[in-house]
Amino acid sequence: MSELENFDPDWLALREPVDHGTRSARLEELLAARLTGRDRVRVVDLGAGSGSTLRHLAPRLAELGVAAAQDWVLVDHDADLLARALASPVPAAASVTTARVDLADREAVREVLSGADVVVGSALLDVLPAPVADGLVEVLSTLDPRPAVLFVLTVTGGASTDPAVAGAAEGFDADQRARGLGPDAAGHVAAAFTARGWSVQREATPWRLGPSPLLTAWARGWFTAAGVAGPDPTAAVVPHEDLLAL
Ligand SMILES: C[S@@+](CC[C@H](N)C(=O)[O-])C[C@H]1O[C@@H](n2cnc3c(N)ncnc32)[C@H](O)[C@@H]1O
């Protein structure tokens, strides 16, 4: 596990409110429609970090008419982030446990996914190498019954800033591809699900950032990863995609 990247909790906290407002409402409605009439649902959040998806989706499902008690399992390799998730107030509809798992460990993934009704992941797929993403789809496809799967806010590349900076998007996307699936993740995973008989729906969910601490922090990381310099942007569009597999 030691080779895995650790994500800065301050960065996750900065992006959380923007992420919550960016996620596809339509795909959440389709997910909720699958869950009505149940007494309990087991939700497994892969790469849960400090619990952003729990804080958004648990109340959102209740708002969409899902009356079931929600048993959430937050899965991550980073014990510090999981501890932060547990230290935050838990939404009323949910009970929460955590599991420290490397998603590359297929047997551990199979175990933690056992009995899941819903599997979610946020800002996850683009940081995974192809074999890890493929392993997830494979394990998910062997579950009986199969859960509903919602992967949101996958970076799809080609971000743009005002003023424009030549080579920055290409440099950032190349850096991501050197670490994992990067901007190819959403298409790669959608194709893998479709090949195994899942019905997949995708929706573009770009960040549209104006002057803000998030824009400043994002631009700093974007330029550094791209290996280019440029003026501080006043605005940026950062393409993402949400994917629902049923
Ligand atoms: C960009 S963060 C997103 C965190 C959270 N889902 C959110 O939206 O705030 C990606 C998360 O995936 C986790 N992660 C990445 N690769 C992983 C792996 N192989 N096993 C377990 N967790 C992993 C990281 O530790 C991190 O918490």
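Because the structure is a prediction, the values reported are computed rather than measured. Residue indices begin at 1 and follow the sequence shown. The figures that follow rest on heavy atoms only: side chains count, while hydrogens, waters and symmetry mates do not. Whatever order the structure lists them in is the order used to number ligands and atoms, beginning at 1.
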Ligand 1-proximal atoms of L153, by part, heavy-atom distance under 4.0 Å = neither
Quick check: does any side chain N or O of D45 sit under 3.5 Å from a backbone N or O of L74, one acting as donor and the other as acceptor?
-> no
protein heavy-atom neighbour closest to atom 15 (C) of ligand 1 works out as V127 CG2, 3.9 Å
Which atoms from ligand 1 have a heavy atom of G49 less than 4.0 Å away?
-> 4 (C), 27 (O)
Report yes or no: do T154 and D126 form a side-chain donor-acceptor pair below 3.5 Å?
-> no
Nearest protein heavy atom to atom 13 (C) of ligand 1, by residue and atom, and its distance?
-> D76 OD2, 3.3 Å
Could you check atom 10 (C) of ligand 1 against the protein and tell me its nearest heavy-atom contact, residue, atom and distance included?
-> A123 O, 3.6 Å
Salt-bridge criterion met for R60 and E63 (N-O under 4.0 Å) = yes
What are the two closest non-hydrogen atoms of V73 and A99, and how far apart are they?
-> CG1-CB, 4.3 Å
When distances are taken from atom 16 (N) of ligand 1, the protein heavy atom at minimum range is L128 CD2, 3.9 Å
Side chain, backbone, both or neither: which part of V101 has a heavy atom under 4.0 Å from ligand 1?
-> backbone
Compute the shortest N/O to N/O distance between L103 and ligand 1 and return yes if it is under 3.5 Å, no if not.
-> yes
Under the side-chain hydrogen bond (donor to acceptor under 3.5 Å, both in side chains) rule, what do R23 and T53 come out as? Steps first, then yes or no, please.
-> CA-CA 10 Å; R23 294 157 179 250; T53 295; 2.9 Å; yes
Measure across L243 and L27 and return the closest heavy-atom pair with its distance rounded to 0.1 Å.
-> N-CD1, 4.0 Å
Any L4 heavy atom less than 4.0 Å to ligand 1 | yes
Of all protein heavy atoms, the one nearest atom 3 (C) of ligand 1 is S122 O, 3.5 Å
Ligand 1 versus A48: contacting region, heavy-atom distance under 4.0 Å | backbone
Please confirm whether the backbone N or O of A48 pairs with a side-chain atom of S52, one donor and one acceptor, at under 3.5 Å?
-> no
Numbering as shown, the atoms of ligand 1 that approach L81 to under 4.0 Å (heavy-atom distance) | 27 (O)
Hey, is R84 close enough to D80 for a salt bridge, meaning N to O under 4.0 Å?
-> yes
Counting heavy atoms only, which of H77, H56, R100 comes nearest to atom 14 (N) of ligand 1?
-> H77
Nitrogen or oxygen of D102 less than 3.5 angstrom from that of ligand 1 = yes
Any donor-acceptor pair under 3.5 Å from R55 side chain to S50 backbone = yes
Does ligand 1 have any atom that is closer than 4.0 Å to a heavy atom of V152?
-> no
What's the shortest distance from atom 9 (O) of ligand 1 to any protein heavy atom, and which residue and atom give it?
-> S52 CB, 3.6 Å
Going by the atom numbers of ligand 1, which of them fall below 4.0 Å from some non-hydrogen atom of L124?
-> 12 (O)
Note: D173-R177 ion pair, threshold 4.0 Å (strictly below) = no
State plainly whether one hydrophobic cluster holds both L124 and V149, where clusters connect Ile, Leu, Val, Met, Phe, Trp and Tyr through side-chain heavy atoms under 4.5 angstrom apart.
-> yes
Side-chain (D117) to main-chain (R42) donor-acceptor, under 3.5 angstrom | yes
What protein heavy atom sits nearest atom 11 (C) of ligand 1, and how far away is it?
-> G47 O, 3.6 Å
Less than 3.5 Å between some nitrogen or oxygen of A104 and one of ligand 1, yes or no?
-> no
